[in-house]
Amino acid sequence: MTDVSLIVSGKLILHPAMMLLMIWLLPSYDSTLQMGAILLAAVPMMSIYPILGSQYGYRNLCASALLMTTICSFFTLALLLSLLSI
């Protein structure tokens, strides 16, 4: 469970936070593109994730992580959308 929670927190919290940091450090550009980049970083990973993990023996871990990120993204995306005021 700790591996899954690390993947989930990294994908749904750390990845959008790093994207926000990079947008803050880069020169200013279109705000719609900035919000789109943050939102794309906050969505769960692609459904091919367990297929790629199965090639290396991590099918169950990747499938569990995909399921949990999909469930948790309902809450994190709702929070992010309310913070971005879309």
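In this chain, residues are counted from 1 in sequence order.
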Just list the side-chain donor-acceptor pairs under 3.5 Å for residues 60-75, sequence neighbours left out, or say none.
| unit_1 | atom_1 | unit_2 | atom_2 | d |
| --- | --- | --- | --- | --- |
| Ser64 | OG | Asn60 | O | 2.9 |
| Thr69 | OG1 | Ala65 | O | 3.0 |
| Thr69 | OG1 | Leu66 | O | 3.0 |
| Thr70 | OG1 | Leu66 | O | 2.7 |
| Ser73 | OG | Thr69 | O | 3.2 |
| Ser73 | OG | Thr70 | O | 2.9 |

Table please: side-chain donor-acceptor pairs of residues 50-58 below 3.5 Å, with sequence neighbours left out.
| unit_1 | atom_1 | unit_2 | atom_2 | d |
| --- | --- | --- | --- | --- |
| Ser54 | OG | Ile51 | O | 2.7 |

Validation: residues 13-26 side-chain donor-acceptor distances under 3.5 Å, sequence neighbours left out:
| unit_1 | atom_1 | unit_2 | atom_2 | d |
| --- | --- | --- | --- | --- |
| His15 | ND1 | Lys11 | NZ | 3.2 |
| His15 | ND1 | Ala41 | O | 3.2 |

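For the pair Leu12/Leu77, no side-chain contact is recorded, criterion being any heavy-atom separation below 4.5 Å from C-beta on.
A single hydrophobic cluster is seen to contain both Val4 and Tyr49, as judged by linkage of ILVMFWY side chains at heavy-atom distances under 4.5 Å, directly or through other members. Under the 4.5 Å side-chain contact rule for hydrophobic residues, Leu33 and Leu84 share a cluster.
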